[in-house]
A.B. asks: 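Mind having a look at this structure? Questions to follow.
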Amino acid sequence: MLKIENLTVDHGAIRALHAVSFDVAQGQLAAVIGANGAGKTTLLRTLSGLNKATEGHAHWGDHNILHSKPEKLVRQGISHVSEGKSVIPELTVSENLELGSLWRRNRKESAQTKNEVIDLFPRLGERLSQRADTLSGGERQMLAIGRSIMSKPKLLLLDEPSLGLAPLVIEQIFQTIRDLTTAMGLTVILVEQNAMGALKIADIGIVLNLGSIAATGSAAALKDDPAVRAAYLGF
Amino acid sequence: MAISIVLVWRSTRVINFAAGGLALASSFVGASILEKTGSFWIALPLAMVAGAVFSAFIEYFFLRPLLKRSGDKGSEIFLPIIATLGLLGIIKAILSYVYGDEIGYLPPPLSDKGFIVSGESIALSPMRLLILGIVLLLMISLTLIFQRTNLGLSLRASSFAPEISRLAGIRVDLIRTAGWAIAGAAGATAGILQTTNGSGSVSPDSFEFILLLVFGFVAAVIGGIESLVGAVIGGLTLGLILAIILMYVGGSLVFIAAFVILIVVLLVRPQGIIGAKGGRRA
């Protein structure tokens, strides 16, 4: 279980997150929604060790995950797919995938996981030796998620996987995220601008506004909450 | 030397001007070992190890803290350039202090007399052949390391996208130090080969090493700074052109010619001979 208590993060003089607390149970998909600048990305970056927290606690199981380096947290099962199709364009699809499992230092297991990822995303399998910059936006997002799966994560942090994608592709990616969560027993934090799409597949929702929590609850309830609808869903 | 500069660039995106100083220091180590053991074949690998250690030391204790502190993006590009230039001066000063006017001798291990072909001595000597062999071996093994091994993949990934690499679980700091170490070993090889093939001796304020650094840098840019094969081809091309100029025009123009070539290449083909088409895309 992921337990976040009183988390406060500053970027210089600007307070990006203010006393944020919430829990996500094992196997749950949590959607974090909110406008630009609400602190969604900061939240993920702090949980994966890229940003420093000013105050508060965050525990993943028994591990205190604040003040740890990202490369350490990966080894504890936390994988962060950063914003904007986080693949390395100069490397091939195959190399991008292998990168995710290098730290495991187990070629046999890595090859096996790679096959699982290719089964999951057959499109990547057809393009293994191509450079990642030849992929379409949707394929890049699949590659980014695939690389993350290569590290056998337990907690997946996804930052705006729908960004810049066509509506049909967004639907596919969301469906894949839902399927993965259920099939692999992952715990997922999904940060999204596309609030409606995210709440549709999520178990619980967290609404951030200017660095503070504006509402939390089951995704279904948030979807029907008139205040949330007016402010974030646009109807 | 071009290989060494390309290596540091490829693993850390830093242009390493301290490479000349590191090569000089490693050559001194090589000369001392040669003096004690009398064997070139012991001196070369040990000097390479020394080069690797020096280089890793510089990365770990100087460049890493420097880059950590300079958080803002603007200075990130040229801060390391100035820093490595400064380090070049410091290394030379330390060597002068330690060795004073002493000179390290590194005579060629093989004959540098040209082979005799139909009664005439040609430019190709056993020593030159050895140099060619070592450079080719270095290039091939380094290319294999970069393209085929996990270390190589980590090195490339860390240089292109350090943040994504960290999120993928790569210990980027460690990998950078490793990149510098490999480059230091390559630089030491360059220093030793240059000395044995040239004057046969090194001194702390050797002009030969400044030339080595400058020509190495020019060769790296000509060949395409992304590519090891490019570095070697750039080095050979540069060497050939400069040799022709030396023979037909005169020695005084060699230095100028190197920079003219550099500027022409930058104007006509900025990515270098082997450089990849198109820059980075997000």
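Below, each value reflects all heavy atoms present in this structure, side chains not excepted, and no hydrogens, waters or symmetry copies.
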A.B. asks: Does Arg171(B) CZ have over 12 foreign heavy atoms under 6.0 Å away?
C.D. replies: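 Not more than 12 within 6.0 Å, no.
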A.B. asks: Chain A: which of Ala168(B), Ala157(B), Ser154(B) shares the most heavy-atom pairs with it under 4.5 Å?
C.D. replies: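 Looking at each option in turn, the highest pair count goes to Ala168(B).
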A.B. asks: So does Leu267(B) have more than 12 non-hydrogen atoms from other groups sitting under 6.0 Å from CG?
C.D. replies: yes
A.B. asks: Tell me, out of Arg105(A), Arg75(A), His80(A), Arg147(A), who's got the most heavy-atom pairs with chain B below 4.5 Å.
C.D. replies: Arg75(A)
A.B. asks: Which atom pair, heavy atoms only, marks the closest approach of Leu167(B) to Pro70(A)?
C.D. replies: CD2-CB, 4.1 Å
A.B. asks: Do Ile164(B) and Val87(A) pass the side-chain contact (heavy atoms from CB on, under 4.5 Å) test, and can you show the C-alpha distance, the side-chain angles, and the key distance before you say yes or no?
C.D. replies: CA-CA 7 Å; Ile164(B) 295 177; Val87(A) 300; 6.0 Å; no
A.B. asks: Within the 4.5 Å heavy-atom criterion, are Asn150(B) and Arg107(A) side-chain neighbours or not?
C.D. replies: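 Heavy-atom side-chain distance check passes, below 4.5 Å.
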A.B. asks: In terms of heavy-atom proximity below 4.5 Å to chain B, should Leu50(A) be classed as side chain, backbone, both, or neither?
C.D. replies: side chain
A.B. asks: Would a 4.5 Å heavy-atom cut-off, applied to side chains only, mark Trp103(A) and Ile170(B) as touching?
C.D. replies: no
A.B. asks: Taking the side chain as C-beta and beyond, is there a heavy-atom pair between Arg45(A) and Glu163(B) under 4.5 Å?
C.D. replies: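 A side-chain contact under 4.5 Å exists here.
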A.B. asks: Does atom CZ of Phe22(A) have more than 12 heavy-atom neighbours from other groups under 6.0 Å away?
C.D. replies: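 More than 12 heavy atoms, drawn from other residues, nucleotides or ligands, come within 6.0 Å of this atom.
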A.B. asks: Decide, yes or no, whether a salt bridge links Arg166(B) with Glu71(A) under the criterion of side-chain N to carboxylate O below 4.0 Å.
C.D. replies: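 A salt bridge is present here (some side-chain N lies under 4.0 Å from a carboxylate O).
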A.B. asks: Could you state the interatomic distance from OG (Ser158(B)) to CD1 (Ile88(A)), rounded to the nearest 0.5 Å?
C.D. replies: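 Between atom OG of Ser158(B) and atom CD1 of Ile88(A) there are 7.5 Å.
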A.B. asks: Any side-chain heavy atom of Glu95(A) within less than 4.5 Å of one from Arg156(B)?
C.D. replies: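 Yes - at least one pair of side-chain heavy atoms lies under 4.5 Å apart.
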A.B. asks: Might you confirm whether atom CD of Gln28(A) has over 12 heavy atoms from other residues, nucleotides or ligands at distances under 6.0 Å?
C.D. replies: yes
